[in-house]
Structure formats: structure tokens, C-alpha cells
There are 2 protein chains.
Amino acid sequence: MPGDAQWLEREELATWMSLAALLFKLPGVLDYQLQRDSGLTHFEYLVLAGLSESPGRSRRMSDLAGFANGSLSRLSHVVKRLEQRGFVERRPAEDDGRITVATITDSGYEFLVAAAPGHVATVREYVVDVLSPEQLAQLKDIADTILAKVDPGKDC
Amino acid sequence: MPGDAQWLEREELATWMSLAALLFKLPGVLDYQLQRDSGLTHFEYLVLAGLSESPGRSRRMSDLAGFANGSLSRLSHVVKRLEQRGFVERRPAEDDGRITVATITDSGYEFLVAAAPGHVATVREYVVDVLSPEQLAQLKDIADTILAKVDPGKDC
DNA sequence: GGTTATTGGTTGATGCGTCAACTCAAAGCT
DNA sequence: AGCTTTGAGTTGACGCATCAACCAATAACC
């Protein structure tokens, strides 16, 4: 029923359908490229990237989970796999035994460096380079606005 | 190709990180609400919605897969589950035995109608109502632009 | 100071998505 | 007609994410 808060107006619906389609398809494109060229998930890539740019190439698990936008549980599984591949190491923090600190290894770092250009090129090809500078700015505002609602307390 | 081909500028990177966070988190919010309140996936919801608004409440599988932004394989699995729940029926088309036509049942339709308000409310709460009309228009343009690159030949 | 609560992470079962292999039907070809 | 090719959809195995239960270490509290 149009006009009712219970439903979406035509314009609203059209926008939502476009966004929904984007949410379904864009992750697939990114994962496909990374998987094919580097055997990495987008999430795994973010984990390695998050470690590589941290001081000491190390980061505690919760922090890393926040950075990579995933749950701690998910991260734990993923880091275990990355550890088995020799890309990451884990050890408890000295001052607090509850905390686990993950560190990217040299081979993990090399692997990331090898994977990065292809990933960046894909991000450029499908997102950055198809939008105007104005649209990029708009997109950032829009995404941040929604994220503030979805995930209050991060960023801000 | 604007910009340095290999890396992202600061602004570009910030935008991309925001979008990436959105891609990770927004689907979770939507799926969570639908799962909790109706025992449906967002994808399942789209499948039922796609059927409900089609003539004869029926649609062929490939068409439905396109509408719901998923692969035919994925749809086949999902429709099998929905069929087991009594929400959907499948039968081959009369004129072409290769084509499978899916139809939403009455109980599936009732179920969808019961699930819709909560889903719509969530979409409003996290997306539509936090953005200005201007931003909604921008978002649609942006999403469609990216989708045209991701998925050339659909829409537009 | 000993018990309880809380915090940080891990683990295992379950369910869904993906990929490749497969089936069946309809055209194409000769 | 036969043989092959293409198109539409299904299936099964495997991998990953989620959820809930769990464990360990620290902090709170009396």
C-alpha cells in the first residue's frame, strides 16, 4: 500500500533493489578474482592487510576482527587456516594471557604483496574507476551513514 | 585509467573501505532479522517475493535466479528447500521440457506476506530512512553504475 | 583470599554457497 | 533419420560462516 510506512515508495524500492543487487554481486566479483589469482578470500585478504599495516605487523584478535568486519569466531577459524599455510602466527600477550596477538610472517607478507596489485586493480575496475570523484565522495558519506546505524560505536 | 594504476589514493581508499565494510555488514543485519523473525534468508525472501509478483505467481528458474541475483545452482538448492517447506512447487514447462517453472503456493504466499513488514521495516531502519532523498537518488545511480560493470547485459 | 563474574578466544556441529560433473530435452547438421 | 551440440536445470562434494557451547585468564567483590 503506497504511502504507508510499512511499504516502500517506488523510488525507495528501486534504490533498495539496486543496492541489494550490489550486495549480492560485488562480493562475488572480488572473491572470484582473489580466489583465482591468489587463493585468498576477500576476508583473508583484509586480515593479512590489517596485520601488514599494523605496528610490529601484529594485532590482537578482537581488533583485527573489527578491522576486517567479521566476528571473532570467523576470524579465529580463518587465522587458524592462515597459520596452517604459514602466513600468520599466534601467541598470547605477555601482560594479559587472555589476549591473542596475531602476526603476519615474512612469507605471509610476501604473499600479500604479490596479491595486492590484482586486488587493487579489481577494486579500481569495478568501483573506483567507474565512479566520478563526486560519486566517490557521495558513496563514502552514504556508506558511513548506513554503517553508523548498522554498527554504532565503530568509527563515528 | 585515472590515478596510479597500482594503488588507491587516500580518498579512494577511504571510500572503498567504507563500501567494503558495508558489503560485509549490511547483509548480516538483513539476514539476521529475517532469520530470527521468519526463518528466511534474504535470498529466500527475494525468491518468494519474485514469485509472488509474477504473473500466475510463477516464474522459470533462470529468470528467478536473475531476479534474486544468484546462480542457477544456488537457486536450485534453495527452491528445493522451499519446496520441502511447502512454499513453492516446481514443474517442467509444457512447451519446453528443459524449462522448469516454479510457483509459490498459497501457504508460501501467506508466509511471505507475514514476513514482509518486518523485512521492509529493517530496510527502512538501516537504509531508506537514514538517507536523504537526494542520497537515495545518488545511491541508485552509483549502484547501477557499478552493477553495469559487474553484470553487463542485465538491467539497463 | 576465595568465590563469582566478565572478558577474550577457541572449537564443533550444522547449514548454506560454489564448483564441477551430470542428466535430460531441444535444435542443428548431413 | 542419426549424431552432435547447446541450453536448462539438478546434484554431490567440499569449503566456509554461524551459532552456541565451551575454556582460560583476569577482574570484582565481599
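Heavy atoms only: backbone and side chains are in, while hydrogens, waters and symmetry mates are out.
- Between L64(B) atom CG and dT10(D) atom C1' the separation is 15 Å, expressed in whole Å.
- Nucleotide dC19(C) holds its P atom 14 Å from the CG atom of L72(B), rounded to whole Å.
- Within 4.0 Å of T100(B), counting heavy atoms only, lie sugar-phosphate atoms of the nucleic acid but no base atom.
- Of the residues near DNA chain D, V101(B) and G97(A), the one whose nearest nucleotide (by heavy atom distance) lies more toward the 5' end is V101(B).
- If you check every strand for non-hydrogen atoms under 4.0 Å, I99(A) touches sugar and phosphate atoms only.
- Relative to the side chain of K80(B), the nucleotides dA26(C), dT10(C), dT11(D) differ in distance, and dT11(D) lies closest.
- At a cut-off of 3.5 Å, with distance as the only test, no side-chain donor of E134(B) or S132(B) sits close to an acceptor on the other residue.
- OP1 and OP2 of dC24(C) both lie 4.0 Å or more from every side-chain N or O belonging to R98(B).
- We find that CD of Q84(B) is positioned 12 Å from P of dG15(C), with the value rounded to whole Å.
- No side-chain donor-acceptor contact under 3.5 Å links S18(B) to the backbone of A143(A).
- Rounded to whole angstrom, the span from the CG atom of D95(A) across to the C1' atom of dA25(D) amounts to 12 Å.
- The CZ atom of F24(B) sits 15 Å away from the C1' atom of dT18(D) (whole-angstrom rounding).
- Contact annotation for R36(A): no contact, since no heavy-atom pair falls under 4.0 Å across all strands.
- Distance R90(A) CZ to dG8(C) C1': 13 Å, rounded to the nearest Å.
- Remark: E44(B) engages R85(B) in a salt bridge, criterion side-chain N to carboxylate O under 4.0 Å.
- Protein atom CG of L75(A) is 12 Å distant from nucleotide atom P of dT18(D), rounded to whole Å.
- Listed nucleotides dT10(C), dA26(C), dT11(D) differ in distance to M61(A); the shortest reach to its side chain belongs to dT10(C).
- S73(B) contributes no side-chain N or O that forms a donor-acceptor pair with the base of dT10(D) under 3.5 Å.
- Listed pair R81(B) / dT11(D) fails the phosphate criterion, with no side-chain N or O lying under 4.0 Å from OP1 or OP2.
- A salt bridge does not link K140(A) to E12(B): none of the charged nitrogens lies less than 4.0 Å from a carboxylate oxygen.
- Taken from CG in L40(A) to NE2 in H42(A), the straight-line distance is 10.5 Å, to the nearest 0.5 Å.
- As a whole-Å value, the separation of E94(A) CD from dT26(D) C1' is 16 Å.
- Nearest nucleotide to the S71(A) side chain, out of dA26(C), dT11(C), dT18(D): dT18(D).
- The nearest heavy atom of DNA chain C to H77(A) and to Y32(A) marks one nucleotide each, and the one closer to the 5' end goes with H77(A).
- The side chain of R74(A) contributes no N or O atom lying less than 4.0 Å from OP1 or OP2 of dC16(D).
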